[in-house]
Amino acid sequence: MAGAIWSVAELGSDGLPTRLSCEAATAARLLAEAAGRDAAAVVIAADPAPAATVLAGFAPRVAAICLADDAPEGASAVATAARELISLE
């Protein structure tokens, strides 16, 4: 996804992307189309599959990153997610 325009999803209490996240994924897709680049939505959650399914309706590519329920919060969780994102390049 080098050079891609990414949107990162915020999830609601139901584990699904918020309306704003779906709008951001759409905006990323439209910007990418206009710029001749790729677009992707990113969802990070203990169970990213339901959210990824929803986002697939708004973005041509969805990166679903699974963080275990017992994953540490804060900087450790960010580091885990960052390693996963780097591997998507």
Side-chain angles (χ1 to χ4, degrees):
M1 285 192 299
I5 298 175
W6 295 6
S7 66
V8 179
E10 174 186 39
L11 304 183
S13 59
D14 59 0
L16 298 177
T18 62
R19 182 178 140 202
L20 183 59
S21 293
C22 295
E23 291 173 0
T26 298
R29 177 178 49 81
L30 294 173
L31 286 169
E33 287 172 358
R37 297 169 70 181
D38 293 326
V42 178
V43 60
I44 302 168
D47 180 12
T53 299
V54 171
L55 287 171
F58 300 93
R61 181 172 179 190
V62 179
I65 298 174
C66 182
L67 289 182
D69 284 330
D70 61 349
E73 294 183 18
S76 295
V78 170
T80 299
R83 281 191 299 275
E84 292 290 326
L85 287 171
I86 289 169
S87 72
L88 296 174
E89 292 287 354

query: Counting distance only, does the side-chain N/O of R37 pair as donor-acceptor with the main-chain N or O of G3 below 3.5 Å?
result: yes
query: Nearest 0.5 Å, what's the CG-CD distance between D38 and E33?
result: 11.0 Å
field: Results of side-chain contact (heavy atoms from CB on, under 4.5 Å) for A28 - residues two or more places apart only
entry: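 Partners of A28 by the side-chain contact (heavy atoms from CB on, under 4.5 Å) criterion, ordered by chain and then number, come out as I5, S7.
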task: Output every pair passing salt bridge (Lys or Arg N to Asp or Glu O under 4.0 Å) with a member in residues 16-25, not counting sequence neighbours, ordered by first then second residue.
output: R19-E23
- request: List the atom of A51, the atom of V43, and the distance in Å for their closest heavy-atom pair.
  value: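 Reported closest heavy-atom pair: CB-CG2, 3.6 Å.
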field: Remaining members of hydrophobic cluster (4.5 Å side-chain criterion), L20
entry: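 Direct or chained contacts put L20 with none.
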query: Are any non-hydrogen side-chain atoms of V54 and F58 less than 4.5 angstrom apart?
result: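 Contact flag for V54/F58 side chains = yes.
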I'd like a table of donor-acceptor pairs (distance under 3.5 Å, sequence neighbours excluded) in which one partner is a side-chain atom from residues 8-18, with atom names and distances.
from, atom 1, to, atom 2, distance (Å)
D14, OD1, L16, N, 3.0
T18, OG1, S21, N, 3.2
T18, OG1, S21, OG, 3.1

message: Side-chain heavy atoms nearer than 4.5 Å, only ILVMFWY residues, links allowed to pass through others: does that put I44 and V62 together?
response: no
